[in-house]
Trainee: 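Submitted below is the structure of interest, expressed as structure tokens.
Since the model is a prediction, treat every value here as computed from it, not as a measurement.
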Amino acid sequence: MSVRTTTDTPRAPLALTTSAVLVLLFLHLPIWVIFLYAFTTDVAAFTFPLPGITFEWWGKALSRVDFWAALWLSVRVASVATLIALLLGTLAAAAVHRSRFFGREVVSLLLLLPIALPGIVTGIALRSSIGMFDIPFSFWTIVVGHATFCVVTVYNNTLARFRRT
């Protein structure tokens, strides 16, 4: 029985490593700059280096009632959408995996469609459908929109697990 050491593992070429690091910096650096400006003392100008660092804006944001209401709404929507997605995605994957029926591939395609289309297209289509049927926007329309995306993830993962067993 041989023991594998870290020197035995092949290394990526330097050009690949450098490219990967540069791509990650390109993607993440703007986010870190925006995060850094959340602590600036000067709200009128975006200058660098920052004129000062403060937590004042965080305190003001965290003391607002509407911030906590929005956060609580997000938690509730996420919880309900996750439960719905788990239930529907698992049941759909079980049906597609264990049964042979006419239209099985069409069902699978329709379940995967929200992930294949850009999110904005699915969102606009859902918004148009809700408006067309004169359904008032509410907590439940938000849940339906989020569950639409979550069902795809649950379906894909559950179906893959069923196929492996």
Side-chain angles (χ1 to χ4, degrees), residues 20 22-46 50 53-165:
L22 288 174
V23 167
L24 288 173
L25 282 174
F26 176 76
L27 292 173
H28 291 97
L29 194 60
I31 296 170
W32 284 106
V33 169
I34 292 169
F35 180 74
L36 186 63
Y37 275 104
F39 297 100
T40 187
T41 56
D42 187 7
V43 295
F46 292 108
L50 297 179
I53 302 225
T54 182
F55 287 99
E56 176 185 358
W57 312 118
W58 287 91
K60 286 184 180 184
L62 294 175
S63 66
R64 293 181 57 120
V65 174
D66 56 347
F67 169 81
W68 291 106
L71 183 65
W72 177 239
L73 176 66
S74 295
V75 168
R76 289 187 346 219
V77 166
S79 300
V80 175
T82 301
L83 288 174
I84 290 170
L86 284 172
L87 180 69
L88 294 179
T90 304
L91 290 175
V96 167
H97 177 70
R98 296 182 182 184
S99 303
R100 304 284 178 247
F101 55 90
F102 178 75
R104 181 172 164 246
E105 297 303 319
V106 173
V107 169
S108 188
L109 174 72
L110 289 175
L111 284 166
L112 294 175
L113 203 54
I115 206 169
L117 293 173
I120 190 73
V121 172
T122 306
I124 291 172
L126 190 57
R127 163 66 174 97
S128 296
S129 299
I130 289 171
M132 186 174 64
F133 292 112
D134 291 328
I135 300 170
F137 292 104
S138 66
F139 170 81
W140 292 107
T141 56
I142 299 170
V143 167
V144 166
H146 284 80
T148 300
F149 270 74
C150 296
V151 164
V152 177
T153 305
V154 173
Y155 173 78
N156 265 345
N157 290 323
T158 307
L159 190 60
R161 290 292 173 184
F162 280 147
R163 288 179 178 157
R164 288 181 66 190
T165 56

Trainee: Taking atom CG as the centre, does Leu22 end up with more than 12 heavy-atom neighbours from other residues, nucleotides or ligands that are less than 6.0 angstrom away?
Mentor: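 Atom CG in Leu22 is crowded, with more than 12 foreign heavy atoms closer than 6.0 Å.
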Trainee: Look at the aromatic rings of Phe39 and Phe55 and report parallel, tilted or perpendicular, splitting at 30° and 60°.
Mentor: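 Plane angle over 60°, so perpendicular.
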Trainee: Taking atom CG of Leu112 and atom CG of Leu117, what is their separation to the nearest 0.5 Å?
Mentor: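 The CG atom of Leu112 sits 11.0 Å away from the CG atom of Leu117.
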Trainee: Check Trp57 against Thr54 and note the closest heavy-atom contact, atom names and distance.
Mentor: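 What the structure gives for the nearest pair is NE1-CG2, 3.8 Å.
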Trainee: So which heavy atom on Tyr155 is nearest to which on Ser108, and how close?
Mentor: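 Smallest heavy-atom distance, with atoms named: OH-OG, 2.9 Å.
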Trainee: Could you report the tightest heavy-atom contact between Arg104 and Val96, atom names first, then the distance?
Mentor: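 Looks like NE-O, 2.6 Å.
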Trainee: Measure across Phe162 and Thr90 and return the closest heavy-atom pair with its distance rounded to 0.1 Å.
Mentor: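 So the minimum-distance heavy-atom pair works out to CE1-O, 4.3 Å.
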Trainee: Is Arg76 atom CZ crowded by more than 12 heavy atoms from other residues, nucleotides or ligands, each under 6.0 Å away?
Mentor: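 Enclosed: over 12 neighbouring heavy atoms sit under 6.0 Å from CZ of Arg76.
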Trainee: I need the Ser138 OG to Ile130 CD1 distance, nearest 0.5 Å.
Mentor: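 Taking OG in Ser138 and CD1 in Ile130, the distance rounds to 8.5 Å.
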Trainee: Rounded to the nearest 0.5 Å, what separates atom CG in Leu88 from atom CG in Leu111?
Mentor: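 Between Leu88 CG and Leu111 CG, I get 9.0 Å after rounding to 0.5 Å.
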Trainee: Kindly compute the distance separating OG1 (Thr41) from CD1 (Ile53), expressed to the nearest 0.5 Å.
Mentor: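 Answer rounded to 0.5 Å: 8.5 Å.
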Trainee: Going by the side-chain contact (heavy atoms from CB on, under 4.5 Å) test, name the single residue among Thr82, Leu83, Ile84 that passes it with Val80.
Mentor: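 Looking at Thr82, Leu83, Ile84, the match for Val80 under the side-chain contact (heavy atoms from CB on, under 4.5 Å) is Ile84.
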Trainee: Is the backbone N or O of Lys60 less than 3.5 Å from a side-chain atom of Ser63, with the two atoms forming a donor-acceptor pair by type?
Mentor: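 Side chain of Ser63 to backbone of Lys60, a donor-acceptor pair under 3.5 Å: yes, one is there.
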Trainee: Around atom CZ of Phe26, are there more than 12 heavy atoms from other residues, nucleotides or ligands closer than 6.0 Å?
Mentor: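 Atom CZ in Phe26 is not packed in, count stays at 12 or less.
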Trainee: Report the distance from atom CG of Leu91 to atom OG1 of Thr158, rounding to the nearest 0.5 Å.
Mentor: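 Here the rounded value is 9.5 Å.
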Trainee: For Ala93, does its backbone N or O pair with a side-chain atom of His97 as donor and acceptor, under 3.5 Å?
Mentor: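 Not a single qualifying donor-acceptor pair exists.
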Trainee: If you measure from CG on Leu126 to OG1 on Thr141, what distance do you get to the nearest 0.5 Å?
Mentor: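 The OG1 atom of Thr141 is 8.5 Å from CG of Leu126, to the nearest 0.5 Å.
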Trainee: Could you give me the CA-CA distance, side-chain angles and deciding distance for Leu71 and Trp68, then say whether side-chain contact (heavy atoms from CB on, under 4.5 Å) is met?
Mentor: CA-CA 5 Å; Leu71 183 65; Trp68 291 106; 3.5 Å; yes
Trainee: Quick check: closest heavy atoms across Ala85 and Cys150, and the distance to 0.1 Å?
Mentor: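 What the structure gives for the nearest pair is CB-CB, 3.4 Å.
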